[in-house]
Q: 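Please read through the structure below; I'll follow up with questions.
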Amino acid sequence: MTTALLTHADCLGHVTPDGHPERVARLEHVLHALEPLELKRVTAPLAADDDLLRVHPESHIRTIQSTRPVEGFAQIDGDTFMSPGSVDAAYRAAGAAVRAVDLVLSGEVSNAFCATRPPGHHAETETAMGFCLFGNAALAAKHALDHHGLSRVAVVDFDVHHGNGTQDLLWDERRALVITSQQMPLWPGSGRPDETGAYETVLNIPLAPASGGAEMRAAYAAQAFPRLRAFKPELIIISAGFDAHQDDPLASLNWSTGDFAWITAELCRIAGELCDGRIVSTLEGGYDLDALADAARAHVEELIKAAR
Ligand SMILES: [Zn+2]
């Protein structure tokens with residue numbers, strides 16, 4: 001069995017202003033780092049509007065489409081910009097996540113990594129924010145539940161920022177367990193432990209600034225892994241942000257590349273126990289180009305090891 005890599009050149013066509021951390025070079029570095037690896041390379045399709053409508057109202061889709069500039073940039077908020085290529089990129093990022101679910105659930109591959117941008121985990125129901133336009137991880141979870149008929153899906157978000165969008169989109173979805181760890185305090189400010197969802201299916205794990213891999217490993221072992229094992233998901237979706245890395249400029253956690261390998265290996269082990277190893281991972285943040293490339297490669301190498 002193999003690991004799939006889903007991407008599309010359109011994701012390089014989402015351009016942000018000079019100096020913006022979520023830039024084209026991020027994906028170029030990730031793809032370069034993954035070049036030597038043995039992967040089933042899959043062209044990401046455009047998402048269908050029906051895929052997006054599982055988590056966003058039509059008004060949000062229309063807003064994103066109508067905000068697309070003909071040239072230059074359109075600014076959605078202080079951090080979030082669109083260029084002429086952003087709509088196609090966002091549809092590819094969402095489409096990759098949906099296609100990855102199809103590939104994994106059909107048994108064509110064991111697991112999959114979506115190397116796409118813009119990222120998704122900050123996009124709320126009707127609000128694009130934090131560099132994110134559509135909720136890629138959440139709509140992949142809904143696709144697995146509503147299209148494929150799964151009963152339980154888990155999303156694990158180890159990006160350094162709170163997955164507020166995923167939490168919002170799946171807040172009242174009792175079939176989805178959302179586990180998100182984040183540096184706290186840090187933008188966007190949400191993600192307290194008392195945010196538990198309408199059906200107690202949201203687990204927030206705050207991590208103290210300047211904490212490192214030891215604290216992360218302890219927190220996941222004590223809180224996240226028991227919840228996953230109790231929930232017994234039939235698919236695990238990973239929001240793979242690499243900005244908890246010690247070299248990242250946007251946050252102050254001190255994870256090493258080895259910590260990203262560790263958490264990936266642990267999630268693969270749990271997926272092996274619970275759901276035939278079925279994992280779909282989608283790229284979120286990570287803003288130091290070298291750290292991002294190293295950590296993403298370590299992440300995908302663990303997916304490959306688990307797929308053998
Ligand atoms: Zn982040």
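Just follow the structure's listing: the first ligand is 1, and inside any ligand the first atom is 1. The analysis underlying the following values was restricted to heavy atoms, covering all of them including side chains, and did not include hydrogens, waters or symmetry mates. Bear in mind that the values here come from a model prediction, so they are computed numbers and not experimental data.
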Q: Of all N, O or S atoms in Asp159, which has the smallest distance to the Zn ion (ligand 1)?
A: OD1

Q: My understanding is that only residues two or more places apart in sequence, or in another chain, count here; which of them pass side chain to side chain contact (heavy atoms under 4.5 Å, CB included) with Ala47?
A: Asp51, Leu52, Tyr91, Ala94

Q: Does the shortest distance from the Zn ion (ligand 1) to an N/O/S atom of Glu284 fall below 2.8 Å?
A: no

Q: Considering only N, O or S atoms, which atom of Asp243 is nearest to the Zn ion (ligand 1)?
A: OD2

Q: Give the atom name of whichever N/O/S atom in His161 sits closest to the Zn ion (ligand 1).
A: ND1

Q: Parallel, tilted or perpendicular, judged at 30° and 60°: which one describes the rings of Phe73 and Phe81?
A: perpendicular

Q: For Arg192, what residues pass the salt bridge (charged side-chain N to carboxylate O under 4.0 Å, His left out) criterion, not counting sequence neighbours?
A: Asp194, Glu195

Q: Strictly below 4.0 Å, N to O, side chains only: are Arg297 and Glu301 in salt-bridge contact?
A: yes

